[in-house]
Amino acid sequence: MLVLVAPGQGAQTPGFLTPWLDLPGVEDRLRAWSDAIDLDLVHYGTKADEEEIRDTAVAQPLLVASALLSARQLFATTDAVAAEVGAVAGHSVGELAAAALAGTLTDETAMALVRRRGQAMAEAAAVTETGMAALLGGDEAVVLPHLEQLGLTAANVNGAGQIVAAGTAEQIAALVENKPEGTRRVVPLKVAGAFHTHHMAPAVSALESATAQLAVADPRTRYVSNKDGQAVSSGQELVRRLVGQVANPVRWDRCMEAFKELGVTTLIEAAPGGTLTGLAKRALPGVRTLALKTPDDLDAARTLITETTSAAAAAGSAPAE
């Protein structure tokens, strides 16, 4: 079974969209989205520096655009996704790309919604100086109480020995100075706020307003939610979770547990890929993984898709013992 995933904030790097614009139609689509959401995605994806694309209001639309542009090179339509992909999921803001790939949102609606999401979360982050840091290694039973003692929230429980803490700048600094026993490293992240915590409550209200009249469809393929790793079959419930998710922890560990239970054999990560495939390599041994980083990765991805689809067809036609 093939799982298609989309990365979250922090995966972006300066110029990462440049090679994708050489593909037919990609620049035109990116410029159309730029006009629709009043944000120059071409500039930010090709010429902007690290500080510019760290801005939450820029980074989030840029990441969803990248995930959609790259995934659409493999699956041009919702029908194609439904026919060949067993499940989709996204990490944090990547959930909006996953919702579009599953057919709940159109690509254009996802881009408009992520633009509002990025703006609302940037506004919420500006109220107090906050941030996030990744803890590598360590026992969850030790790490979580330690974070609570420092007033921090486990905003991302990513599995494979990685938890991301979020809180005020002072709390993050205290964590760097006093890491939990057994934790190898504490790495401050290049994000501009304490996402997936109570600090983002104002953004929830903004997104509730933005989605109140939104036209949605039920997902056409299995959609695995960050909230609890459960598959969501209702479009309305999916959007409700997207809204609440900005102020609640990302449980990517449970998403990967769900992939395993579903029988995943292949996992492809949309551009800018790497983070989620890295986690999968540690948490899902034996699963073939591929990260889309540049268009040079597309042929290998197509081969994996064909092999996975053929294997699934052969298994389905095998006689029962």
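Being a predicted model, the structure only gives us computed values, none of them experimental.
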To the closest 0.5 Å, what do you measure between CD (Gln9) and OG1 (Thr275)? 12.0 Å
Tell me, please, which residues at least two apart from Thr13 pass side-chain contact (heavy atoms from CB on, under 4.5 Å). Phe16
Contacts of type salt bridge (Lys or Arg N to Asp or Glu O under 4.0 Å), residue Arg302, not counting sequence neighbours: Asp299
Check whether any side-chain heavy atom of Val3 sits under 4.5 Å from a side-chain heavy atom of Ile268, and report yes or no. no
Do His199 and Thr128 pair up side chain to side chain, a donor and an acceptor below 3.5 Å, judged on atom types alone? no
Checking Arg222 side chain against Gly86 main chain: does a donor-acceptor pair fall under 3.5 Å? yes
In short, side chain to side chain donor-acceptor pair (under 3.5 Å) pairs touching residues 30-49 with sequence neighbours left out are Glu27-Arg31
Evaluate the side-chain proximity of Pro249 to Val157: yes if any heavy-atom separation is below 4.5 Å, no if none is. no
Which residues share a side-chain contact (heavy atoms from CB on, under 4.5 Å) with Ala300, sequence neighbours left out: Leu290
Starting at CE of Met132, measure out to CG of Leu152 and round the result to the nearest 0.5 Å. 10.5 Å
Suppose we screen for ring pair (Phe, Tyr, Trp, His ring centres under 6.0 Å). Which residues come up paired with Tyr223, at least two apart in sequence or across chains? none
Given side-chain contact (heavy atoms from CB on, under 4.5 Å), test Arg29 with Leu69 step by step and report yes or no. CA-CA 8 Å; Arg29 182 176 297 184; Leu69 289 171; 3.7 Å; yes
Under 3.5 Å, which donor-acceptor pairs link side chains of residues 181-189 to any protein atom two or more places apart or in another chain?
unit_1 : atom_1 : unit_2 : atom_2 : d
Thr183 : OG1    : Pro180 : O      : 3.4

With side-chain contact (heavy atoms from CB on, under 4.5 Å) as the criterion, how do Leu147 and Ile163 come out once you've worked through the C-alpha distance, each side chain's angles and the decisive distance to 0.1 Å? CA-CA 10 Å; Leu147 296 182; Ile163 293 174; 4.1 Å; yes
Suppose the criterion is side chain to side chain donor-acceptor pair (under 3.5 Å): which pairs have a residue in residues 67-78, not counting sequence neighbours? Arg72-Asp107
Does the side chain of Glu129 come within less than 4.5 Å of Thr168's, by heavy atoms? no
Contacts of type salt bridge (Lys or Arg N to Asp or Glu O under 4.0 Å), residue Asp297, not counting sequence neighbours: none
Measuring from atom CZ of Arg251 to atom CE of Met256, what distance do you get when rounded to the nearest 0.5 angstrom? 11.0 Å
Side chains of Leu298 and Leu74, heavy atoms from C-beta outward: is any pair under 4.5 Å? yes
Should the heavy atoms of other residues, nucleotides or ligands under 6.0 Å from CD of Glu307 be counted, would the total exceed 12? yes
Could you please spell out the steps behind the side-chain contact (heavy atoms from CB on, under 4.5 Å) verdict for Thr211 and Leu242? CA-CA 10 Å; Thr211 57; Leu242 286 177; over 6 Å; no
What is the minimum heavy-atom distance between Ala166 and Ala155, and which atoms define it? CB-CB, 3.8 Å
Any Phe75 side-chain heavy atom under 4.5 Å of Leu101 side chain: no
Heavy-atom check, side chain of Leu267 versus side chain of Val5, under 4.5 Å: yes
Side chains of Leu62 and Leu17 in contact at under 4.5 Å (non-hydrogen atoms): yes
Distance-minimising heavy-atom pair for Glu140 and Pro145: O-CD, 4.0 Å
Using the rule that Ile, Leu, Val, Met, Phe, Trp and Tyr join whenever any side-chain heavy atoms are under 4.5 Å apart, tell me whether Phe195 and Ile53 fall into a single cluster. yes
State, without any angle test, whether Thr308 and Thr266 hold a side-chain donor-acceptor pair at a distance under 3.5 Å. yes
Applying side-chain contact (heavy atoms from CB on, under 4.5 Å) to Glu50 and not counting sequence neighbours gives Pro14, Lys190
Distance, nearest 0.5 Å, that separates CG of Leu214 from CG of Leu105: 6.0 Å
For the side chain of Thr221 and the backbone of Ala102, is there at least one donor-acceptor N/O pair under 3.5 Å apart? no
Tell me if the CD atom of Glu108 is crowded by more than 12 foreign heavy atoms within 6.0 Å. yes
Could you note down all residue pairs passing side chain to side chain donor-acceptor pair (under 3.5 Å) where residues 150-159 supplies at least one of them, sequence neighbours left out? His91-Asn158, Asn158-Gln162
Looking at every non-hydrogen atom in both residues, tell me the closest pair between Ala210 and Arg116 and how far apart they are. CB-CG, 4.1 Å
Residue pairs passing the side chain to side chain donor-acceptor pair (under 3.5 Å) test where at least one lies in residues 232-250, sequence neighbours excluded: Arg117-Gln245, Ser225-Arg241, Asn226-Gln245, Asp228-Arg241, Glu237-Arg240, Glu237-Arg241
Looking at CZ of Arg254 and CZ of Phe259, how far apart are the two atoms once the value is rounded to the nearest 0.5 Å? 14.0 Å
Distance-only side-chain donor-acceptor flag, Thr109 / Thr106, under 3.5 Å: yes
So with a 6.0 Å cut-off around NZ of Lys227, is the heavy-atom count from everything else above 12? no
Who passes side-chain contact (heavy atoms from CB on, under 4.5 Å) against Ala97, sequence neighbours left out? Ala6, Val64, Ala67, Leu68
Test item: Val232 and Val224 side chains (from C-beta on) under 4.5 Å apart, heavy atoms: no
